[in-house]
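First the proteins, then the strands, lettered A, B, ... as listed; each starts at 1. Just so you know, these numbers come straight off a predicted model, no measurement behind them.
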Protein chains: 2
Amino acid sequence: MTKTLGKTRDKTRIQRKNTATILEAALDVFSTHGFRGSTVDQIGNAAGLSKPNLLYYFSSKEAIHNALLSGLMDTWLDPLRALDAQGDPLPEILNYVCRKLKMSREFPRESRLFANEIIQGAPRIMGALDAELRPLVDEKCAVIAGWIAAGKIAPVHPYHLMFSIWSLTQHYADFDVQVHRILGQDTDPYPEAEVYLETLFTRMLTPQTI
Amino acid sequence: MTKTLGKTRDKTRIQRKNTATILEAALDVFSTHGFRGSTVDQIGNAAGLSKPNLLYYFSSKEAIHNALLSGLMDTWLDPLRALDAQGDPLPEILNYVCRKLKMSREFPRESRLFANEIIQGAPRIMGALDAELRPLVDEKCAVIAGWIAAGKIAPVHPYHLMFSIWSLTQHYADFDVQVHRILGQDTDPYPEAEVYLETLFTRMLTPQTI
DNA sequence: GTCTATACAAAGATAGAC
DNA sequence: GTCTATCTTTGTATAGAC
């Protein structure tokens with residue numbers, strides 16, 4: 001609102017910074033407690049801002065949640081988009097598994113945010129599932145079906161293969177607490193998980209030449 | 001409080017019926033919205049009882065939730081308890097997978113209740129994880145390690161094998177909405193899931209004789 | 001045992017001063 | 001842009017009539 005470019009850019013910089021801080025804090029809170037289980041106060045505290053100030057940047061609690069979700073689906077699908085129909089079938093799939101596992105490791109909160117949303121009936125991302133997820137999955141499953149038909153990998157149900165990759169990799173983010181209760185608090189499960197999953201998919205997908 | 005056995009039993013019968021109705025309704029609501037996302041009103045409506053009447057049977061919202069959780073862990077571990085160290089290794093594991101998948105099919109709400117709890121940090125069942133889940137898992141993983149050492153099944157990390165069984169089977173209950181969005185609303189995913197999982201674990205665990 | 005009415009606390013959102 | 005104070009709604013739980 002001020003006239004000078006300098007001040008305008010200052011404002012924008014603060015806004016950007018606070019917006020980012022809020023989203024960061026909100027990710028923490030929403031991913032742990034779910035949408036209805038989270039309060040604006042909690043998010044404010046986590047962000048170091050007062051409740052009214054927080055609502056100066058976002059018009060409502062739901063607006064914050066939407067901002068998080070709207071960016072999420074895109075990022076979430078990146079590893080699958082990178083699956084290359086022209087590549088070597090088995091390595092392509094193993095690399096996809098690897099990328100997905102890396103996402104769980106690096107973005108566990110995003111994974112839990114997504115999981116919370118799906119478990120609770122996906123009320124806010126049902127549209128994105130139909131518009132973005134399903135078409136991409138259909139496309140990539142067709143690729144996999146092609147590889148199977150060509151005898152490049154062993155025959156399996158492409159869609160359930162997809163489900164298995166998701167569930168196996170996301171488990172380490174979503175059920176993190178349980179994994180650590182079993183393996184011990186100080187254990188990093190990811191290195192062994194990577195070995196395990198590579199073994200699993202290699203054995204399952206290697207064509208039987210007998 | 002009445003003197004005659006008849007009336008006393010009548011009361012008890014009503015109490016049992018209403019208690020069961022409430023728990024049934026609460027399972028519906030809690031498994032969908034999580035603890036903090038659920039309201040006593042919702043549960044009351046689902047149970048066909050007024051809010052105060054519901055609180056006549058359970059002292060608080062948390063008491064209802066506790067009643068559900070306390071029974072859950074035991075049921076949840078039954079399929080794993082049945083894993084028999086004396087049995088044939090591969091069929092034993094495949095049967096465990098099968099029982100676990102059947103649990104997802106028959107008790108999807110219980111699965112989601114559990115998933116909600118774990119994702120949100122397991123505040124109310126951390127104790128049960130340490131006291132019941134971990135010892136049982138340790139025991140059964142030792143059995144599996146024995147089978148591997150004896151060359152009865154191919155070498156894999158026993159604990160990650162366990163995680164993979166859980167994640168693959170529970171996925172069909174917890175991410176039910178997503179599965180149906182991908183496969184179509186009217187598709188029953190379980191028959192093909194069973195074939196897929198049997199194939200997966202057979203290929204992974206069959207010892208390589210080469 | 002079940003209801004209506006209500007107390008009480010928590011949470012979302014706004015007003016208005018600074 | 002940020003705060004204090006406040007309004008309003010919603011939600012947990014209880015009081016007390018029937």
Side-chain angles (χ1 to χ4, degrees), chain A residues 1-26 28-30 32-69 116 120 123-124, chain B residues 1-26 28-30 32-68 120 123-124:
Chain A
M1 294 305 177
T2 51
K3 282 182 177 178
T4 72
L5 267 176
K7 282 189 182 174
T8 304
R9 278 173 55 222
D10 260 6
K11 263 188 175 176
T12 303
R13 202 178 52 80
I14 291 180
Q15 282 186 345
R16 260 204 281 267
K17 191 195 159 206
N18 277 346
T19 302
T21 307
I22 291 168
L23 288 176
E24 166 69 20
D28 252 20
V29 177
F30 281 135
T32 307
H33 301 101
F35 178 72
R36 288 183 57 181
S38 305
T39 72
V40 179
D41 258 330
Q42 276 181 296
I43 300 172
N45 286 338
L49 294 172
S50 70
K51 184 160 60 175
N53 197 11
L54 196 150
L55 290 168
Y56 167 78
Y57 289 98
F58 291 89
S59 60
S60 70
K61 171 179 162 180
E62 189 156 17
I64 307 175
H65 197 252
N66 284 342
L68 285 173
L69 283 184
N116 261 310
Q120 306 192 358
R124 284 166 284 262
Chain B
M1 294 302 180
T2 52
K3 283 182 178 180
T4 71
L5 269 176
K7 281 190 181 173
T8 303
R9 280 173 52 219
D10 260 5
K11 262 188 176 177
T12 302
R13 200 177 53 78
I14 290 180
Q15 280 185 346
R16 259 205 280 269
K17 190 195 158 205
N18 276 348
T19 302
T21 307
I22 291 169
L23 287 176
E24 166 69 20
D28 251 20
V29 176
F30 281 135
T32 307
H33 299 102
F35 178 71
R36 288 182 57 182
S38 304
T39 73
V40 179
D41 257 331
Q42 277 181 296
I43 300 171
N45 286 338
L49 294 172
S50 70
K51 186 161 55 174
N53 196 13
L54 195 152
L55 290 168
Y56 168 78
Y57 288 97
F58 290 88
S59 60
S60 70
K61 172 180 161 180
E62 188 155 17
I64 306 175
H65 198 250
N66 285 342
L68 285 175
Q120 305 191 358
R124 283 165 285 262

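A distance of 7.5 Å separates OG1 in B/Thr39 from NZ in B/Lys51, rounded to the nearest 0.5 Å. Here the CG-OH distance, from B/Asn18 to B/Tyr57, works out to 3.5 Å after rounding to the nearest 0.5 Å. Separation of atoms CD1 (A/Ile22) and CG (A/Leu54) is listed at 4.0 Å; rounding is to 0.5 Å. Atoms CD1 and OG1, from B/Ile14 and B/Thr21 in turn, are 11.0 Å apart once rounded to the nearest 0.5 Å.
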Do any N or O atoms of the protein come closer than 3.5 Å to N or O atoms of nucleotides 7-9 of chain D, and which pairs are they?
none

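Side-chain contact check for A/Lys61 versus A/Phe35: some heavy-atom pair is nearer than 4.5 Å. Residues A/Gln15 and A/Tyr56 form a side-chain contact, since some pair of their non-hydrogen atoms from C-beta on lies under 4.5 Å apart.
One finds a side-chain N or O of A/Tyr57 lying less than 4.0 angstrom from the OP1 or OP2 phosphate oxygen of D/dT2. Contact between the side-chain N/O atoms of A/Tyr56 and the OP1/OP2 oxygens of D/dT2 is not found at any separation under 4.0 Å.
The nearest whole Å value for the distance from the CG atom in A/Leu54 to the P atom in D/dG1 is 15 Å. In this structure, A/Phe58 atom CZ and D/dT2 atom P are separated by 13 Å, rounded to whole Å.
Partners of B/Glu62 by side-chain hydrogen bond (donor to acceptor under 3.5 Å, both in side chains), not counting sequence neighbours: none found.
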- A/Ile43 and A/Phe30: side chain to side chain contact (heavy atoms under 4.5 Å, CB included), yes or no, with the steps? CA-CA 9 Å; A/Ile43 300 172; A/Phe30 281 135; 3.8 Å; yes
- Task: Starting at the 5' end of nucleotides 3-18 of chain C, put B wherever the base has a protein heavy atom under 4.0 Å, S where only the sugar-phosphate does, and a dash everywhere else.
- Result: BBB-----SBBB----
